[in-house]
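Counting convention: from 1, in listed order, for ligands and their atoms alike.
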Amino acid sequence: MNSTTRPLAIVTGASSGIGYELAKCCADYGFDLLVAADEPAINDAAQDFRTLGAAVETIEADLATLDGVDKLYAATHGRPVDALLANAGHGLGHSFLDQDFNAVRHVIDTNITGTLSLIQKVGRDMRTRGQGRILITGSVAGFMPGTFQAVYNGTKAFLNSFSWALRNELQDTGVTVTCLMPGATETEFFERADMLDTKVGQAEKDDPADVAKTGFDAMMGGEGDVVYGWRNKLQTTIANVTPASMLAEQHRKKAEPGSGEQ
Ligand SMILES: NC(=O)c1ccc[n+]([C@@H]2O[C@H](COP(=O)([O-])OP(=O)(O)OC[C@H]3O[C@@H](n4cnc5c(N)ncnc54)[C@H](OP(=O)(O)O)[C@@H]3O)[C@@H](O)[C@H]2O)c1
């Protein structure tokens, strides 16, 4: 990307949902953008970001693959990255034994492997420069065993934990790490995870713009983590003192296929 005096943010998963809104927050603030997603819709989203004054480059890449991550990283062309918003991710409903293993692996490779690979590359540059902000989209799902969404919840537990550890490793380096932990949010997430017939899939959800603004502000403020919304805050507080067996049973009630009103 051409060098300018504006800071640069990378936002993954910026074609829809929370990532789209995070990219808008960045553009509003004055960042130029390098945005990535797996489908051509990222180019339409980029037009919206440009209307907010940002110079925007788009990359179509499967961030579940190391090649995809390399392609995204290469698109910086050495321009310093001031903020990395590692947000791309997806879920997968149904019982684990009934899931296609390639789909299982794609969840893990997107949410964990690709995310970590990108954070390591960009994070090393940030540490060398002595400045940078990293936002990781974890989830309140990481606080509870995800019956009928078991692999996804596991990946988010990983990210919630990883984020705090990386933050501590980077203390005093000038690089901050923040974990955004949304609750159920009105995006394409549940459709993609084939969970539209579930209670959680059909429930009223948070507005992705509000969720993203909370995460963006926390990142800019250098906070360690942020749970969006008082209901979700209450849920995570209770989850911390509730036996895992009970949490797994509660998750069954809202994520079991057919648990919605149809
Ligand atoms: N919605 C919720 O209830 C909720 C709650 C907590 C946390 N989250 C997390 O929030 C993040 C954003 O999800 P969302 O709710 O905004 O859902 P979304 O509307 O489905 O957006 C997901 C974004 O990630 C991209 N993406 C997914 N897999 C990718 C891959 N392998 N390579 C490149 N891009 C990929 C998608 O791009 P393509 O369409 O091009 O694949 C899309 O831009 C995820 O990490 C999710 O786990 C969501």
Side-chain angles (χ1 to χ4, degrees), residues 10-24 34-46 48-49 58-72 85-93 102-103 105-118 135-144 146 149 151-160 162-163 179-196 198-212 214-215 225-229 231-232 235-236 254-255:
I10 295 179
V11 186
T12 66
S15 61
S16 65
I18 297 167
Y20 174 84
E21 298 294 342
L22 284 170
K24 278 173 66 179
L34 173 55
V35 291
D38 199 17
E39 303 287 338
I42 190 64
N43 299 305
D44 299 330
D48 297 344
F49 309 146
T58 62
I59 295 294
E60 279 176 54
D62 183 355
L63 297 176
T65 68
L66 296 184
D67 284 350
V69 173
D70 288 346
K71 186 176 163 187
L72 171 58
L85 294 85
N87 164 81
H90 67 93
L92 186 64
N102 288 323
R105 192 164 170 181
H106 199 266
V107 173
I108 297 168
D109 288 346
T110 301
N111 299 5
I112 299 180
T113 314
T115 299
L116 264 55
S117 173
L118 182 63
L135 180 72
I136 298 172
T137 304
S139 176
V140 301
F143 286 76
M144 57 203 83
Q149 178 101 272
V151 174
Y152 173 77
N153 282 39
T155 65
K156 291 296 166 172
F158 182 105
L159 289 179
N160 293 353
F162 172 80
S163 181
C179 190
L180 167 61
M181 295 182 286
T185 306
E186 198 57 65
T187 69
E188 296 176 17
F189 178 90
F190 292 95
E191 185 177 354
R192 285 174 195 214
D194 194 17
M195 294 179 69
L196 289 182
T198 64
K199 199 167 174 185
V200 61
Q202 295 176 7
E204 196 178 328
K205 302 183 188 60
D206 296 325
D207 181 337
D210 295 338
V211 173
T214 301
D225 68 8
V226 63
V227 175
Y228 172 77
R231 276 193 197 83
N232 298 322
Q235 193 186 354
T236 54
K254 60 183 182 182

So which of [options] gets nearest to [atom], if we judge by its closest heavy atom?
atom                    : options               : answer
atom 7 (C) of ligand 1  : A141, G89, G138       : G138
atom 14 (P) of ligand 1 : N232, T187, D206      : T187
atom 36 (C) of ligand 1 : M195, E39, R192       : R192
atom 2 (C) of ligand 1  : T115, I59, T185, T65  : T185
atom 45 (O) of ligand 1 : T137, I136, L159, N87 : N87
atom 32 (N) of ligand 1 : L22, L180, L63, I42   : L63

How long is the gap from [atom1] on [X] to [atom2] on [Y], to the nearest 0.5 Å?
X    : Y    : atom1 : atom2 : answer
D48  : Y20  : CG    : OH    : 3.5 Å
T137 : N111 : OG1   : CG    : 10.0 Å
T155 : H90  : OG1   : NE2   : 9.0 Å

T185 versus D206, side-chain donor and acceptor atoms under 3.5 Å
no
With a 3.5 Å distance limit and no angle check, can you tell me whether [X] reaches the backbone of [Y] through a side-chain donor-acceptor pair?
X    : Y    : value
D62  : D38  : no
E186 : P208 : no
T12  : L63  : no

Close side-chain approach of [X] to [Y], heavy-atom, < 4.5 Å:
X    : Y    : result
I136 : L180 : no
S16  : R192 : yes
F49  : K24  : yes
T236 : F143 : yes

Mind checking whether [X] has a heavy atom under 4.0 Å from ligand 1?
X    : answer
E191 : no
A64  : yes
E186 : no
Y20  : no

Identify, for [atom], the protein heavy atom at the shortest distance, and state residue, atom and that distance.
atom                    : value
atom 35 (C) of ligand 1 : A88 CB, 3.9 Å
atom 18 (P) of ligand 1 : S16 OG, 3.5 Å
atom 29 (C) of ligand 1 : T110 CG2, 3.8 Å
atom 8 (N) of ligand 1  : Y152 OH, 3.5 Å
atom 4 (C) of ligand 1  : G183 O, 4.0 Å
atom 33 (C) of ligand 1 : A61 O, 3.2 Å
atom 42 (C) of ligand 1 : S15 OG, 3.5 Å

Atom of G19, atom of N87 and distance for their closest heavy-atom approach
CA-ND2, 3.2 Å
For S163 and C179 the tightest heavy-atom approach is OG-CB, 3.3 Å
How does [X] reach ligand 1, if at all, at less than 4.0 Å between non-hydrogen atoms: by side chain, backbone, both, or neither?
X    : answer
P208 : neither
H106 : side chain
K205 : neither
A36  : neither
D62  : both

Mark up the atoms of ligand 1 that fall under 4.0 Å of a heavy atom belonging to [X], in ascending order.
X    : answer
A184 : 3 (O)
A14  : 43 (O)
F190 : 3 (O)

Regarding ligand 1, does [X] bring an N or O atom to under 3.5 Å of one of the ligand's N or O atoms?
X    : value
H90  : no
S139 : no
G13  : yes
I18  : yes

Show your working on side chain to side chain contact (heavy atoms under 4.5 Å, CB included) between L116 and F158 and close with a plain yes or no.
CA-CA 11 Å; L116 264 55; F158 182 105; 3.7 Å; yes
Pi-cation contact, F190 with K205 (under 6.0 Å, within 45°):
yes
Is atom CG of L66 surrounded by more than 12 heavy atoms (other residues, nucleotides or ligands) closer than 6.0 Å?
no
